[in-house]
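Only one structure is covered here, and it is reproduced in the block below.
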Number of protein chains: 4
Amino acid sequence: MPRTPEANQRIREAQRARILESARIVFARKGMEATIADIATEAQISLGLAYRYFADKEAIFAELIKQMVPEASEGLQSLLEMPGTPGERLYELISGIVGARGKRQALEAHQLLNHALDADAMPEKTRELLSRRYQSLLETMRQLIVEGQATGEIVRGDPDQLVAIMSACLDGLTRWALRDPEQFRTYVPDARIIMRLFQPSRTEMSNFEAP
Amino acid sequence: MPRTPEANQRIREAQRARILESARIVFARKGMEATIADIATEAQISLGLAYRYFADKEAIFAELIKQMVPEASEGLQSLLEMPGTPGERLYELISGIVGARGKRQALEAHQLLNHALDADAMPEKTRELLSRRYQSLLETMRQLIVEGQATGEIVRGDPDQLVAIMSACLDGLTRWALRDPEQFRTYVPDARIIMRLFQPSRTEMSNFEAP
Amino acid sequence: MPRTPEANQRIREAQRARILESARIVFARKGMEATIADIATEAQISLGLAYRYFADKEAIFAELIKQMVPEASEGLQSLLEMPGTPGERLYELISGIVGARGKRQALEAHQLLNHALDADAMPEKTRELLSRRYQSLLETMRQLIVEGQATGEIVRGDPDQLVAIMSACLDGLTRWALRDPEQFRTYVPDARIIMRLFQPSRTEMSNFEAP
Amino acid sequence: MPRTPEANQRIREAQRARILESARIVFARKGMEATIADIATEAQISLGLAYRYFADKEAIFAELIKQMVPEASEGLQSLLEMPGTPGERLYELISGIVGARGKRQALEAHQLLNHALDADAMPEKTRELLSRRYQSLLETMRQLIVEGQATGEIVRGDPDQLVAIMSACLDGLTRWALRDPEQFRTYVPDARIIMRLFQPSRTEMSNFEAP
DNA sequence: TATGAATGAGTATTCATTCAT
DNA sequence: TATGAATGAATACTCATTCAT
């Protein structure tokens, strides 16, 4: 007596989700060394079954990323339309990102992205996807910066450069959180401090001019 | 007639250097996946020969790190005794680090360090060495911050937190430089911008307060 | 439809036995030089599969020994409680051992034990096991000797020395059987002859005294 | 200024002897795992030089055996012509062999022979040589046995069988001495005990008959 | 004659992937 | 759909042997 197609469909989806969840855990624990066998064991399914759901290891990895990135960037659009000064909204953005760094899921997601960006063997499609998501975050940030510069709230200068530096800084914070979550939580990186990168300088810092 | 011991010595040193140089290139290109065979190929020697010079893959890696880290941290002490205000000297430090990011060698070194910190299988000794070097950089920075806070040049607040955030930021910049050196050089990250993280705020940024 | 767990269990056991049997043959033929590849070839399985059943070469070897040694020493206890004079029972023991030397399996087992005792790289556990089994054989022999000396059936003298010499002799016979089974079977070493080592001397051998 | 041919000749011979001596030591220490590099190191010569004196590892091994076997069997002939009863001379032979077992050199020699007999890769010539030397020992023994049987000093029975069993016993004693020289020396195997293998039995051992 | 650097073929071991059931 | 046994292609590492000096 065959299962109904609907039941099959449900089973497939559940299994697929389960494999991905296990992969997330295992990749976070073992890094790229993680084995298909590890994932299958974690998911409590057979080794072979994983291959009925994903063509190969790469595919699991790619799907995992596809799922994670949206989580990381969702709600971006809303920031542009929120009330408040550009600076305030930028603060929201930054502090949201920094705050998320304390959370396991977000860290695992970022860990994965790091691996993904390092791996030479990343399929072009995944790489593009990643890139596109990331770009949208940067564009949101850029737009807020431009607006903030107009109001004088944000320091003058090439917005792209500001975006680049800020994103580098956020990236570094994430790596920190990944490497030593304990310490990270102790120092609770304060979004206000990070925002200083955008802060119009007055006078006394002028003596930092390069010679 | 045998080679003179001196000639042999020269050969050994040259080959050793060559292997390390090749390893540097290959590790930077492929990360920890890099194969001894890759290194041997790059060095244009036979696979077996690599083992006459290094006990195993780990040994090559460890030696590489040992060689690279000093380069990255040398001159640290001098900064503490240089003339100039603490802020000026901090600027020197930061701008030195950021400036080095444009250079291939320094980037490869950092790539290696990243791999090293990720790798679970890092021998304790190497890990410690790394850690110690890094600590000395952070301590230098911390001392300059404390001095700068005394003179009012540097923003008030927990120096450890400031150090942590700055180092995260520098780390992020390095990763950026590694990922896309082209773009990195285009935006020439300006040490003055980064120094803003330490800049005493005035008044107008106060509206970034968290709700 | 998956195989039933029982079927899998059967397969695993069969393969395991097959690998061990092949290892037995190959080790006997080639000694410790034997290769995992040799074993896999003999067992007509892939090289990799051997590793699903045994962690490494050492493990195969150890298991083989564990299996073989009991065969060699079983029935020892019963000898102590059998009826008959101590000399008769000793004769049973010796002739049992010598008789077994004509059989392929027993010879291969002994070959293995020899290799095992030679090999420096023998895991302590296996070595101990071997040692313990062997000791129990020797102790049985010793006890029978002591009893036989009490009845005058066995020559006087240090029982330990008698045990040592007899076991050396049996070892030598085994090596002979291994080296040239053909010849061994031709000369059918007679347990009665070997028993002479225990025979109380009368008078005429006294002229063999060392000067 | 070239050396005289005679000087060269002397050097060659000295080196050759040195290599062989080192090989003896190293083989005894490490067994067949011993490396050409080990031998060269022990002989304090370069790795390459060994190959100017011996075609390959096998050749060193074979030569070593060629040298050692005569040492082990020399003086055999003289035994046949010595005064004394056959039994006495047999005793001399056996006790000479057993006595030698306490000496390092003889043990190393035997160790080597064991390896040689095990090794599949022994060249036919070496194997033959070994065999021939060994045969001459056995023949000497056989002759003495036959003589002794004529005088009634030695037990009746197939002389070849007696030889075989005795040689097996001696082989076993040697292995014992090799495995645990300490213990061996403690129990000082007594040639008189071993000679019992040849002792004409009286009456009481008759109950050892196989059923 | 002497040296030791260099080579290359061989061996153990791991893991993604396939396949019979 | 589900299982896990089986495969084979890496990859690290060793060592006898050759060769330039």
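The sequence lines fix the lettering, A, B, ..., with proteins before strands; numbering per chain opens at 1.
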Would L49(B) and S46(B) satisfy side chain to side chain contact (heavy atoms under 4.5 Å, CB included), going step by step from the backbone distance to the final call?
-> CA-CA 5 Å; L49(B) 190 54; S46(B) 73; 3.6 Å; yes
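Residue L47(B) is classed as a base contact, given a heavy-atom separation below 4.0 Å to a base. L49(B) comes within contact range of at least one nucleobase, with a heavy-atom separation under 4.0 Å. Heavy atoms of R52(B) sit under 4.0 angstrom from at least one base atom. Among the protein residues, F54(C) comes within range of no part of the nucleic acid, since none of its heavy atoms lies under 4.0 Å from any strand.
With hydrogens and angles left out, the side-chain atoms of Q15(B) and R52(B) include no donor and acceptor closer than 3.5 Å.
Checked by atom type and distance alone, the side chain of N8(C) never pairs as donor or acceptor with a backbone atom of P5(C) at under 3.5 Å. Panel note: side chain T35(C), backbone D38(C); no donor-acceptor pair is recorded below 3.5 Å.
In this entry the distance linking CZ of R10(C) with C1' of dA5(F) reads 14 Å, nearest Å. Taking atom OH of Y53(C) as the reference point, atom C1' of dA6(F) lies 8 Å away to the nearest angstrom. Remark: P of dC13(F) and CD1 of I39(B) are 11 Å apart, rounded to the nearest angstrom. For the pair Q44(C) CD and dG8(F) P, the interatomic distance rounds to 14 Å; values are reported in whole Å. Atom C1' of nucleotide dC15(E) and atom CG of D38(A) are separated by 10 Å, given to the nearest angstrom. Rounded to an integer number of Å, the gap from I45(D) CD1 to dG4(E) P is 11 Å. Straight-line distance from the CD atom of E33(C) to the C1' atom of dT14(F): 14 Å, rounded to whole Å. Straight-line distance from the NZ atom of K30(D) to the P atom of dC15(F): 8 Å, rounded to whole Å.
When each of dA2(E), dA12(E), dA12(F) is scored by its nearest atom to the side-chain atoms of T35(B), the top-ranked nucleotide is dA12(F).
Considering all non-hydrogen atoms of both residues, I60(C) and I36(C) come closest at CD1-CD1, 4.0 Å.
Nearer to the 5' terminus of DNA chain E, by closest-nucleotide assignment, is the contact made by S46(B) (compared with the other of S46(B) and I36(C)). With the nearest nucleotide of DNA chain F identified for both R12(C) and K57(B), R12(C) has the one nearer the 5' end. Nearest-nucleotide mapping onto DNA chain E: of G48(D) and A55(C), the residue sitting toward the 5' end is G48(D). When the nearest nucleotides of DNA chain F are assigned to N8(C) and Y51(B) by heavy-atom distance, the more 5′-ward of the two goes with N8(C).
Base pairing of dA20(E): its partner is dT3(F), meeting the Watson-Crick or G-U wobble criterion (both donor-acceptor distances under 3.5 Å). Using Watson-Crick or G-U wobble geometry with both donor-acceptor distances under 3.5 Å, dT14(E) finds its partner in dA9(F).
When the side-chain nitrogen and oxygen atoms of Q15(D) are compared with OP1 and OP2 of dA2(E), one or more of them lie within a distance under 4.0 Å.
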